> 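Quick one: structure below, then a few questions.
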Amino acid sequence: MAIVTGAGAGLGLGMTVRLLDEGAHVVAGDLDTSRLDRLRHPNLISLPGDVTDPTTADALVSAALDIGTGRIDALFNNAGIALFAPAEELENAQWDRVIAVNLSACWYVASAVGRVMIAQRGGAILNTASGAGLAAVTDGLAYVASKHGVVGLTRSLAVDWGRYGIRVNALAPGFTSTGMTESFREQAPDLYAARASRVPLGGRAGTIDEQVAMALFLNSDEASYTTGLIAVVDGGTHALSAGYSPRPPVAL
Ligand SMILES: NC(=O)c1ccc[n+]([C@@H]2O[C@H](COP(=O)([O-])OP(=O)(O)OC[C@H]3O[C@@H](n4cnc5c(N)ncnc54)[C@H](O)[C@@H]3O)[C@@H](O)[C@H]2O)c1
């Protein structure tokens, strides 16, 4: 039994589909569940709701316990929003919303699921952080602060809950093709191309499948000795020294 948040699109939808393909039961939450509902999968329960409301976390947990084996094996704590503006133009309401969705809600869901995992003495939690959780990106103040918070949350929970057999890791995606980045490509194609050209591995954005593979691995028994890891999946961008550009891809 797995719970996925932000499951209605992008990485969360990719995680949900892969879990279902592998035979898992999934409780999938999102503000908009229309794409989940169209899957019409017998092992899937979709729950509309805003993760910034703590009762949404309780509803996800109740649904998981009701339909499954009474256990929650894995949480994919993935819901998130991006907002980019120069720091001096960022409004308090924008800051509050980004912190609420990306960081506070991440804790609300981890907390509700954690109570079950503590009682059952085990489980795996994967928080979706970002490369922006490890270094700043231009005009990304609230997003960067929220994702640095997700990194801290991940490390703290890994340390505190290891004694219950609960593993807590984070996926830190680089630039990945989802709705979040497609709007960026449409609004600023030059900036998008410049951003992609900074990726050493092929000069391209990552795919949903490339992120989902790491997410599922970290929440699987294959990763039984891995906790507190911030898994950077970014085509090598983080390895590139600042001020340098990778050489362009070489064709066959
Ligand atoms: N795409 C990237 O390049 C990239 C890079 C780094 C990190 N991330 C992170 O990956 C995660 C998924 O992003 P994505 O690219 O798939 O974005 P996306 O916009 O395609 O999907 C995000 C989903 O979260 C849902 N959501 C947003 N706010 C919510 C709320 N308050 N309550 C419930 N659901 C809510 C949205 O409805 C949407 O379905 C996010 O945490 C994001 O910050 C993405």
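As a basis for the values below, the full set of heavy atoms in this structure was taken, side chains included, without hydrogen atoms, waters or symmetry mates. When a ligand or atom number is given, it counts from 1 through the structure's own listing order. Because the structure is predicted, anything quoted here is derived from the model rather than measured.
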> How does Thr181 reach ligand 1, if at all, at less than 4.0 Å between non-hydrogen atoms: by side chain, backbone, both, or neither?
side chain
> Check the pair Asp209, Thr207 against side-chain hydrogen bond (donor to acceptor under 3.5 Å, both in side chains), reporting the backbone distance first and the verdict last.
CA-CA 5 Å; Asp209 286 349; Thr207 66; 5.4 Å; no
> Return a yes/no value for Asp50: is any of its N or O atoms, backbone included, closer than 3.5 angstrom to an N or O of ligand 1?
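Asp50 vs ligand 1: N/O contact under 3.5 Å present.
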> When Asn127 is tested against each of Val109, Asn169, Asn77 for side-chain contact (heavy atoms from CB on, under 4.5 Å), which residue passes?
Asn77
> For atom 6 (C) of ligand 1, what is the closest protein heavy atom, and at what distance to 0.1 Å?
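Atom 6 (C) of ligand 1 sits closest to the protein heavy atom Pro173 O, 3.3 Å.
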> Have a look at Ser130, Gly80, Gly12, Gly10 and point out the one with the heavy atom closest to atom 22 (C) of ligand 1.
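Ranked by closest heavy atom to atom 22 (C) of ligand 1, first place is Gly80.
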> Between ligand 1 and Arg97, can you find any atom pair, the residue atom being a heavy atom, that is separated by under 4.0 Å?
yes
> With a heavy-atom distance limit of 4.0 Å, tell me whether Val51 approaches ligand 1 through its side chain, its backbone, both, or neither.
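Both the backbone and the side chain of Val51 come within reach of ligand 1.
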> Please work out whether any backbone atom (N, CA, C, O) or any side-chain heavy atom from C-beta onward of Tyr143 is under 4.0 Å from ligand 1, and answer side chain, backbone, both or neither.
side chain
> How does Ala129 reach ligand 1, if at all, at less than 4.0 Å between non-hydrogen atoms: by side chain, backbone, both, or neither?
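Under 4.0 Å from ligand 1, Ala129 contributes backbone atoms alone.
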> On a heavy-atom basis, I'd like to know which of Ile81, Leu171, Thr33, Val109 is closest to atom 27 (C) of ligand 1.
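Answer by nearest heavy atom: Ile81.
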> If you measure from each heavy atom of Ala172 to ligand 1, is any distance below 4.0 Å?
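Flag not set, Ala172 not near ligand 1.
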> Determine whether Asp30 and Ser46 satisfy the following criterion, side-chain contact (heavy atoms from CB on, under 4.5 Å), listing intermediate values before the conclusion.
CA-CA 8 Å; Asp30 203 289; Ser46 63; over 6 Å; no
> Just going by heavy-atom distances, which of Asn127, Asp30, Val233, Thr176 is nearest to atom 3 (O) of ligand 1?
Thr176
> Given Thr128, Thr178, Ile208, identify the one with the heavy atom nearest to atom 14 (P) of ligand 1.
Thr178
> Quick one: are the ring centres of Tyr192 and Phe175 less than 6.0 Å apart?
yes
> Considering only non-hydrogen protein atoms, determine which one is nearest to atom 33 (C) of ligand 1 and report residue, atom name and distance to 0.1 Å.
Gly49 O, 3.4 Å
> Starting from Met1, can I reach Met15 by hopping between I/L/V/M/F/W/Y residues whose side chains sit under 4.5 Å apart?
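No; tracing contacts between hydrophobic side chains, which count when under 4.5 Å, never links both residues.
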> Who's the nearest protein heavy-atom neighbour of atom 5 (C) of ligand 1, and how far?
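I find the closest protein heavy atom is Gly174 O, 3.2 Å.
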> So is Ala7 touching ligand 1 or not, going by heavy atoms under 4.0 Å?
no
> Check for me whether Lys147 has a heavy atom closer than 4.0 Å to any atom of ligand 1.
yes
> Sequence neighbours left out, what passes salt bridge (Lys or Arg N to Asp or Glu O under 4.0 Å) with Arg204? Give chain and number order.
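Only Glu210 meet the salt bridge (Lys or Arg N to Asp or Glu O under 4.0 Å) criterion with Arg204.
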> Please check whether Gly29 reaches ligand 1 - meaning an N/O of the residue sits under 3.5 Å from an N/O of the ligand, judged on distance alone.
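N/O-N/O distance under 3.5 Å: no.
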> side-chain hydrogen bond (donor to acceptor under 3.5 Å, both in side chains), that's the test. Do Arg185 and Thr181 meet it? Break it down for me.
CA-CA 6 Å; Arg185 188 211 285 264; Thr181 46; over 6 Å; no
> Is there a donor-acceptor pair under 3.5 Å between the side chain of Thr227 and the backbone N or O of Ala158?
no
> Which Ile, Leu, Val, Met, Phe, Trp or Tyr residues join Ile81 in one cluster when any pair of side-chain heavy atoms under 4.5 Å counts as a link?
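Ile81 clusters with Leu83, Leu90, Trp95, Val98, Ile99, Val101, Leu103, Leu141, Val150.
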> What's the verdict on salt bridge (Lys or Arg N to Asp or Glu O under 4.0 Å) for Asp37 and Arg35, showing C-alpha distance, side-chain angles and the deciding distance?
CA-CA 5 Å; Asp37 296 336; Arg35 293 172 74 181; over 6 Å; no
